[in-house]
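Here's the structure, in structure tokens; my notes come after.
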Amino acid sequence: MLVDATPLLRSIPLFEGLSEEDLQALSATLELRTFKAGQMIFAQGDSGSALYIIEHGDVNIHLPGEASQRISLKDLGRGEYFGELALFDEKPRSASALATTDTALLELQRSTLENYLDKRPRAAMAILRTMGEHLRETNRLLSARAAKNVDAEFDRNLSWSDRLADSVAELNGSWKFILFLIALTLAWCVVNTGMVLKQPLDPYPYSFFNLALAILVGLQGPLIVMSQNRQSLKDRARADTDFKVNLKNEVNIETLLRELSEFRAEAKARADLAEK
């Protein structure tokens, strides 16, 4: 070990239940691995037996594909970790990891963790407790749909001032408001020309009416801009939801294609075996 990994281990949720002494003991078992920019750390389907903590550099987790067709899942930086499932099962890697810059990783092998836990059984309970909490959180996230009604979400959280701004923006963009303003102007002019009242309240050139119109215009502008800004936020939220739905569909399609390929390979192997 060339670096003290205790601060990094302390920042990882998987080990947050460990004491300082346990963290220092576990830190001493880590091995430093270096990778050049563009070098694969592991590929989807590889056998996995280690967790990696990023000491420095950047790592991209993705599903493989042809050239630019790969599906990027997550970009990780210093202090983050990946490959933790390999500590608890012997199944192949579910995604690929690529070093996008010169990267140094701290490697924790499954066998190393097993030996460590044999000597410190209390640490095992702390790790299991943390894992249980994160599994519950993962289940909660998986149970939520990627698709959601963005308009309904926004409308549910609108304040009275937001609703007022939307109502003003909607009213100002309608013929109702135009016809009402024309009718009000004509009525005001008729009433204040002396034909109806001997002493008009606002005689020509209708200074009070002009002042009222100026105030109305001054208030309309900010209210309409507020509504437009909120519409922009709503559009960005729709785009983000569309991206999540598309990503989820791509991942599901990739999984189906991989399983179909494995099924075909298995069927072909059985057919070849039957022929022999």
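All values below were derived from every heavy atom in this structure, side-chain atoms included, with hydrogens, water molecules and symmetry-related copies excluded. Index from 1, following the sequence.
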According to side-chain hydrogen bond (donor to acceptor under 3.5 Å, both in side chains), who are the partners of [X], at least two apart in sequence or on a separate chain?
{"X": "E20", "result": "R10"}
{"X": "T34", "result": "none"}
{"X": "S49", "result": "Q109"}

* Heavy-atom pair of closest approach, residues G57 and T103 ->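 Scanning both residues completely, I find the closest heavy atoms to be CA-OG1, 3.8 Å.
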
Partner residues of [X] under the side-chain contact (heavy atoms from CB on, under 4.5 Å) criterion, sequence neighbours left out:
{"X": "F208", "answer": "W188, D202"}
{"X": "A43", "answer": "M40, D46, S96"}
{"X": "A212", "answer": "none"}
{"X": "N210", "answer": "none"}

* Report the C-alpha separation of I41 and L105 in whole Å, then their side-chain angles, then the decisive distance to 0.1 Å, and conclude whether the side-chain contact (heavy atoms from CB on, under 4.5 Å) test is met. => CA-CA 10 Å; I41 300 170; L105 303 177; 3.6 Å; yes

* Residues which pass ring-ring contact (aromatic ring centres under 6.0 Å, His included) with F35, listed by chain and number, not counting sequence neighbours ->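 If we apply the ring-ring contact (aromatic ring centres under 6.0 Å, His included) test to F35, skipping adjacent residues, there are no hits.
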
* Asked: Okay, side chain of T185, backbone of L181: is any donor-acceptor separation there less than 3.5 Å?
  ->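 Here the side-chain-to-backbone pair exists.
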
* Asked: Going by side-chain heavy atoms closer than 4.5 Å, which hydrophobic residues are tied to I215, directly or by a chain of links?
  ->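 In the cluster with I215 are L211, L219.
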
* Members sharing W175's hydrophobic cluster (side chains within less than 4.5 Å) ->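 Grouped by the 4.5 Å side-chain rule, I178, I182, L186 form the rest of the cluster around W175.
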
* **Pairwise salt bridge (Lys or Arg N to Asp or Glu O under 4.0 Å) hits with a residue in residues 96-110, at least two apart** =>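 Qualifying pairs, neighbours excluded: R33-E107.
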
